[in-house]
Novice: 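Starting off with a structure, shown below.
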Amino acid sequence: MDANEDGRISDDDKVKIGKGMPDWTFGFTIGADWKDFDLSLFFQGTAGNDIFDMAQRGDVSMMNKPSWILDRWHGEGTSDRIPRVTKDNPNRNWRSSDLYIKNGNYLRLKTIQLGYTLPRQLVRKATIERLRIFVAAENLLTFTKYDGFDPELAVGDDYFMIGVDKGNYPQSRTITIGANISF
């Protein structure tokens with residue numbers, strides 16, 4: 001795109017694109033009790049942010065490619081958005097551009113816990129005041145249009161890398177079974 005309208009495409013046409021800082025970071029909890037059962041759900045997410053998908057570089061020939069690369073240019077009448085894939089990249093088609101800017105909005109079911117408290121008359125026989133058993137899960141569901149590993153990106157020490165996906169391993173899904181016992 002000829003951003004400065006001088007009739008040629010050059011480094012002078014570079015513009016800032018994307019926005020790594022979300023407009024909204026949110027979370028909410030839903031809880032319910034019914035008889036001796038209890039359920040708790042915690043959701044969190046972001047809205048109004050973009051992700052620079054640095055993990056999916058097309059200029060590095062010896063790496064796995066994402067499936068969207070199959071829609072690349074490979075002759076007349078094919079993609080005008082995704083460049084051809086070559087080992088040498090003589091035209092520098094894979095340099096940083098809006099091709100790597102993705103929608104970073106997401107909603108994640110961060111934690112869910114379902115519990116059951118055994119009746120007091122049953123547990124008092126074992127000299128227990130209260131016994132609750134539960135099953136919980138973390139990072140169970142994520143709703144997003146982002147096609148990378150994980151839209152929830154860690155920043156670490158580099159504040160200037162907000163919204164940049166460097167291909168770090170995604171957060172693990174954890175399932176826990178446990179008990180709360182009061183004597």
Side-chain angles (χ1 to χ4, degrees), residues 16-58 60 62-70 96 98-183:
K16 289 186 178 186
I17 54 176
K19 183 171 143 298
M21 183 67 74
D23 292 332
W24 296 94
T25 300
F26 58 88
F28 58 93
T29 302
I30 300 171
D33 293 323
W34 180 71
K35 296 191 178 185
D36 292 327
F37 289 94
D38 60 271
L39 176 67
S40 174
L41 299 103
F42 171 59
F43 292 89
Q44 65 81 218
T46 65
N49 60 300
D50 297 309
I51 294 174
F52 179 74
D53 191 3
M54 197 167 109
Q56 306 299 339
R57 293 179 42 190
V60 179
M62 301 303 288
M63 71 180 291
N64 290 330
K65 306 288 188 217
S67 61
W68 57 260
I69 210 86
L70 296 173
S96 293
D98 65 347
L99 179 66
Y100 302 103
I101 303 296
K102 310 282 179 73
N103 183 332
N105 300 344
Y106 72 93
L107 173 66
R108 173 169 284 159
L109 177 55
K110 194 71 174 170
T111 58
I112 182 172
Q113 188 173 108
L114 175 64
Y116 177 72
T117 303
L118 278 76
R120 286 188 187 268
Q121 59 271 26
L122 182 65
V123 295
R124 284 191 186 234
K125 293 178 183 175
T127 65
I128 296 174
E129 184 65 31
R130 183 173 185 265
L131 175 59
R132 178 180 170 268
I133 56 174
F134 66 90
V135 61
E138 293 180 27
N139 302 314
L140 193 60
L141 296 170
T142 303
F143 304 96
T144 185
K145 292 182 180 178
Y146 182 58
D147 58 2
F149 285 141
D150 191 349
E152 187 178 350
L153 303 172
V155 176
D157 295 333
D158 195 349
Y159 178 77
F160 297 105
M161 297 296 275
I162 291 174
V164 176
D165 184 356
K166 297 183 280 185
N168 294 340
Y169 198 77
Q171 296 181 52
S172 59
R173 181 173 295 142
T174 307
I175 298 177
T176 306
I177 299 172
N180 301 108
I181 304 171
S182 298
F183 293 98

Novice: When rounded to the nearest 0.5 angstrom, what is the spacing between CZ in F149 and CG in D165?
Specialist: 8.0 Å

Novice: Taking C-beta and beyond as the side chain, do F52 and I101 meet within less than 4.5 Å on heavy atoms?
Specialist: yes

Novice: Atom CG of D50 and atom CE of M21: how far apart are they, to the nearest 0.5 Å?
Specialist: 13.0 Å

Novice: Rounded to the nearest 0.5 Å, how far apart are CZ of F43 and CD1 of I112?
Specialist: 7.5 Å

Novice: If we only count heavy atoms from C-beta on, is the D150 to R108 side-chain gap below 4.5 Å?
Specialist: yes

Novice: Can you tell me how far apart CD (Q44) and CG (L109) are? Round to the nearest 0.5 Å.
Specialist: 10.0 Å

Novice: Within this structure, what is the CG-CG distance for the pair D38 and D33, rounded to the nearest 0.5 Å?
Specialist: 5.5 Å

Novice: Would you say that Y106 contacts E152 through its side chain, given a criterion of any heavy-atom pair below 4.5 Å between the two side chains?
Specialist: yes

Novice: With rounding to the nearest 0.5 angstrom, report the CZ to CG distance, F183 to L131.
Specialist: 9.0 Å

Novice: Take R124 and R130 through the side chain to side chain contact (heavy atoms under 4.5 Å, CB included) test and state the conclusion after the steps.
Specialist: CA-CA 8 Å; R124 284 191 186 234; R130 183 173 185 265; over 6 Å; no

Novice: Does the side chain of I128 come within less than 4.5 Å of I181's, by heavy atoms?
Specialist: yes

Novice: Would you mind reporting whether K102 and K145 have side-chain heavy atoms less than 4.5 Å apart?
Specialist: no

Novice: Counting only N and O atoms by type, is there a donor-acceptor contact under 3.5 Å from the side chain of T144 to the main-chain atoms of Y146?
Specialist: yes

Novice: Check step by step if side chain to side chain contact (heavy atoms under 4.5 Å, CB included) holds for T46 and W24.
Specialist: CA-CA 6 Å; T46 65; W24 296 94; over 6 Å; no

Novice: Look at D36 together with R120 and state whether they make a salt bridge at an N to O cut-off of under 4.0 Å.
Specialist: no

Novice: Test your reading of the model: is there a side-chain donor-acceptor pair from R173 to the backbone of N139, 3.5 Å cut-off?
Specialist: yes

Novice: Any idea which heavy atoms bring P151 and G104 closest together, and the distance?
Specialist: CB-O, 4.2 Å

Novice: Tell me whether N49 contacts the main-chain N or O of K19 through its side chain, where contact means a donor paired with an acceptor under 3.5 Å.
Specialist: no

Novice: Show the nearest heavy-atom pair for residues S40 and T29, with the distance to one decimal.
Specialist: OG-CG2, 4.1 Å

Novice: Is the number of heavy atoms from other residues, nucleotides or ligands within 6.0 Å of CD1 (I30) greater than 12?
Specialist: yes

Novice: Apply side chain to side chain contact (heavy atoms under 4.5 Å, CB included) to the pair D147 and D53, showing each step before the final yes or no.
Specialist: CA-CA 9 Å; D147 58 2; D53 191 3; 4.2 Å; yes

Novice: Should the pair Y116 and F37 be assigned to parallel (<30°), tilted (30 to 60°) or perpendicular (>60°) ring geometry?
Specialist: tilted

Novice: Should we count OH of Y169 as having more than 12 external heavy atoms under 6.0 Å?
Specialist: no

Novice: Looking at N103 and N105, what are the two nearest heavy atoms and their distance?
Specialist: OD1-N, 2.8 Å

Novice: Evaluate the side chain to side chain contact (heavy atoms under 4.5 Å, CB included) criterion for residues Q113 and E138: first the C-alpha distance (whole Å), next the side-chain angles of each, then the deciding distance (0.1 Å), finally the verdict.
Specialist: CA-CA 9 Å; Q113 188 173 108; E138 293 180 27; over 6 Å; no

